[in-house]
Amino acid sequence: MNWSDADIASAAKLWTEGHSATVIGKRFKATRNAILGLAHRNRALFPERTKRSLTTVTAQVQRSVPRPAGQQRLKSVNVPALRKARAASVEARPSVPMVPPVTPESPRWAEGSETGARSDLSRFRLADVEPRPFLSLGRDQCRFPLVAFEAASGPDMPCCGAATDLLKSYCAAHRDVMAGRV
DNA sequence: CCCTGATTCGC
DNA sequence: GCGAATCAGG
């Protein structure tokens, strides 16, 4: 298709009137892609209709950057897809309260602690809840670390594990501890 | 799925 | 310059 100035002006008029690229394409026996390409090359006559997000633009720029032979584009470049995958993964993560919720009014603390030191958080272990390794915790299990403050780290760190409210990090009793109410 | 527009790149 | 292919997104 050879686009004359008259064609372009006429297509641009339809575009500014709000017709879609598909509709305009039919007028000219052309595909919508032809119209979109035409619009892109004559942006001054075809006002932009959609603002693209910064993440989208970034992804496109990165996609257009030549890569060394054999090197695959990083999946993480596709930001919206990544966002969707993350959301799906959170959704799929099972909610597994292993123990009944602990009410703030009635926590029963276990006797003693590893060291007796004030900084030893194991003194906040709940009597009725078996500590669990940090890495084993489900979505709605208390992540309160039951170790000496300085030693808090690692996937095997024992944590409270009691049921939490939806998406909360701590059970009610340990939320009170964190807030200085205990 | 349907649809929309935007961009890239081989022709 | 053209527009198919492919992108993001409503």
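By convention in this document, chain letters (A, B, ...) are assigned in the order of the sequence lines, proteins followed by strands, and residues within each chain are numbered from 1. The figures that follow rest on heavy atoms only: side chains count, while hydrogens, waters and symmetry mates do not.
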When every non-hydrogen atom of A/Ala162 is compared with those of A/Val129, the smallest separation belongs to N-CG1, 3.9 Å
Residues A/His19 and A/Arg49: closest non-hydrogen pair is O-NH2, 2.8 Å
Ranking A/Leu36 and A/Asn2 by the position along DNA chain C of their nearest nucleotide, the one closer to 5' is A/Asn2
Between CG of A/Asn33 and P of B/dA6 the distance, given in whole Å, is 12 Å
Taken to the nearest whole Å, CZ/A/Arg43 to P/B/dT8 is 12 Å
Here the residues of residues 3-20 of chain A within 4.0 Å heavy-atom distance, strictly under, of DNA chain B are A/Trp15, A/Ser20
Would you say that A/Arg118 contacts A/Arg123 through its side chain, given a criterion of any heavy-atom pair below 4.5 Å between the two side chains? yes
From CD of A/Glu48 across to P of C/dG9 the rounded distance in Å is 15 Å
query: Any donor-acceptor pair under 3.5 Å linking the side chain of A/Arg32 with the backbone of A/Ser20?
result: no
Quiz item: Any donor and acceptor pair, going by atom type alone, linking the side chain of A/Arg27 with main-chain N or O of A/Ala11 inside 3.5 Å?
Solution: no
Q. Under 4.0 Å between a side-chain N/O of A/Arg32 and OP1 or OP2 of B/dC3, yes or no?
A. no
### Query
Do A/Phe46 and A/Leu36 have side-chain heavy atoms sitting under 4.5 Å apart?
no
Regarding the side chain of A/Thr31, the nearest nucleotide among C/dG3, C/dT6, C/dA4 is C/dA4
Atom CG of A/Leu45 and atom P of B/dG5 are separated, to the nearest Å, by 17 Å
A/Arg41 CZ to C/dA4 P, in whole Å, measures 11 Å
Numerically ordered, the residues 21-30 of chain A set in heavy-atom contact under 4.0 Å with DNA chain B is A/Ala21, A/Thr22
| Phosphate OP1/OP2 of B/dT7 contacted by A/His40 side-chain N/O (<4.0 Å) | yes
Worksheet entry | Pair A/Ser4, A/Asp7: side-chain N/O donor-acceptor within cut-off below 3.5 Å | yes
A/Arg49 CZ to B/dT7 C1', in whole Å, measures 17 Å
Exercise for review: Would you mind reporting whether A/Phe149 and A/Leu121 have side-chain heavy atoms less than 4.5 Å apart?
Suggested key: yes
Under a 3.5 Å threshold, yes or no: a donor from one side chain and an acceptor from the other, between A/Thr31 and A/Asn33?
no
